[in-house]
K.L.:
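Sharing a structure here in structure tokens format.
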Amino acid sequence: DTGATISKTGTGNASVGWDVVNNGNISVANSSGLLLSGSYSGNGTANLNTSGSLALNGSLAGNSALAVNGGNIGFYDFEGTDTLALSGNYNINHYNYGNSRLAANITNAGQAILTENLYSSASNGFSTSWRNLNGGSLALNNSSDLVLSTPSYSATLINDTGATISKTGTGNASVGW
């Protein structure tokens, strides 16, 4: 509910296998991770501190929004036909849950930094899209790539007027979407 908090404290990882409707706050402590492996929906926030990680695994159940404050957000076989609207300042990183694989639609009004490869994983016929809205940015850091997992999958990177895609750090990055 609005104003309620789900907290992951201490170090190490934890997981929630239930469907999560987040209209409140998800809080993850530094050096720890929380895996949500049921469906996700709602219009809430995620306070991930400096090095906390939230991994979304399962399905997107309806158009939803998540304001992310710091830390890392990962997509681990996260799929759905609806849209997840992200905002805030955050890294895209799987933490300890395997490669980040996305088969859903993301709109980004925040400042996102891709710190690893992000694979389109259009399983079950879902497509993948990442749309930077006006004022939003996606930085590909070091050798981070947007990878099309299988040629028959569909993945689209959209950069609206006033949005930014940049390459930071060392090494080469590529966009295969």
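Heavy atoms only: backbone and side chains are in, while hydrogens, waters and symmetry mates are out. Values in this document were obtained by computation on a predicted structure and should not be read as measured data.
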K.L.:
Are a donor atom and an acceptor atom from the side chains of Thr115 and Asn91 found within less than 3.5 Å of each other?
P.N.:
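Result is no, nothing qualifies.
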K.L.:
In Å, rounded to the nearest 0.5 Å, how long is the span from CG of Asp145 to CG of Leu148?
P.N.:
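These two atoms lie 12.0 Å from each other.
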K.L.:
Could you check Ser137 against Gln111 for side-chain hydrogen bond (donor to acceptor under 3.5 Å, both in side chains), going step by step and ending with a plain yes or no?
P.N.:
CA-CA 5 Å; Ser137 69; Gln111 311 308 306; 2.6 Å; yes
K.L.:
Kindly indicate, with the supporting measurements, whether the criterion side chain to side chain contact (heavy atoms under 4.5 Å, CB included) is fulfilled by Trp130 and Ile158.
P.N.:
CA-CA 6 Å; Trp130 182 282; Ile158 303 164; over 6 Å; no
K.L.:
Please tell me if the side chains of Leu34 and Ile26 come closer than 4.5 Å, counting only heavy atoms from C-beta onward.
P.N.:
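Yes, at least one pair of side-chain atoms sits under 4.5 Å.
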K.L.:
With Ser37, which residues qualify under side chain to side chain donor-acceptor pair (under 3.5 Å), at least two apart?
P.N.:
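Checked Ser37 against side chain to side chain donor-acceptor pair (under 3.5 Å); zero matches.
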K.L.:
Identify each donor-acceptor pair in which a side-chain atom of residues 43-50 lies under 3.5 Å from a protein atom, sequence neighbours left out, and give them as a table.
P.N.:
residue: Asn43; atom: OD1; partner: Ala65; partner atom: N; Å: 3.2
residue: Thr45; atom: OG1; partner: Gly24; partner atom: O; Å: 3.4
residue: Thr45; atom: OG1; partner: Asn25; partner atom: OD1; Å: 2.7
residue: Asn47; atom: OD1; partner: Asn69; partner atom: ND2; Å: 2.4
residue: Asn47; atom: ND2; partner: Asn25; partner atom: OD1; Å: 2.9
residue: Asn49; atom: ND2; partner: Val28; partner atom: O; Å: 2.7

K.L.:
Could you measure the distance from the CG atom of Leu114 to the OG atom of Ser100? Nearest 0.5 Å is fine.
P.N.:
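The OG atom of Ser100 is 8.0 Å from CG of Leu114, to the nearest 0.5 Å.
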K.L.:
CD1 of Ile106 to CG of Leu138: how many Å apart, nearest 0.5 Å?
P.N.:
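With rounding to 0.5 Å, CD1 (Ile106) is 11.5 Å from CG (Leu138).
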K.L.:
Is there a side chain to side chain contact (heavy atoms under 4.5 Å, CB included) between Leu36 and Asp19 once you walk through the steps?
P.N.:
CA-CA 8 Å; Leu36 301 180; Asp19 295 342; over 6 Å; no
K.L.:
Distance alone, cut at 3.5 Å: any donor-acceptor contact between the side chains of Asn22 and Tyr40?
P.N.:
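Note: Asn22 and Tyr40 side chains meet the donor-acceptor criterion.
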K.L.:
Could you state whether Phe78 and Leu146 fall into the same hydrophobic cluster, counting links through intermediate Ile, Leu, Val, Met, Phe, Trp or Tyr residues with side-chain heavy atoms under 4.5 angstrom apart?
P.N.:
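Same cluster.
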K.L.:
Does the side chain of Ser59 come under 3.5 Å of the side chain of Glu79 through a donor N or O and an acceptor N or O?
P.N.:
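No, no side-chain donor-acceptor pair sits under 3.5 Å.
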K.L.:
Walk me through whether Asn132 and Asn159 qualify under side-chain hydrogen bond (donor to acceptor under 3.5 Å, both in side chains).
P.N.:
CA-CA 5 Å; Asn132 280 334; Asn159 204 41; 3.1 Å; yes
K.L.:
Could you tell me whether the side chains of Asn57 and Asp77 share a donor-acceptor contact shorter than 3.5 Å?
P.N.:
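No, no side-chain donor-acceptor contact under 3.5 Å.
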K.L.:
Give the C-alpha distance, both sets of side-chain angles, the deciding distance and a yes or no for side chain to side chain contact (heavy atoms under 4.5 Å, CB included) between Val68 and Asn89.
P.N.:
CA-CA 6 Å; Val68 183; Asn89 298 312; over 6 Å; no
K.L.:
Could you pull out the closest heavy-atom pair between Ser31 and Ser51, with the gap in Å?
P.N.:
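So the minimum-distance heavy-atom pair works out to N-OG, 2.9 Å.
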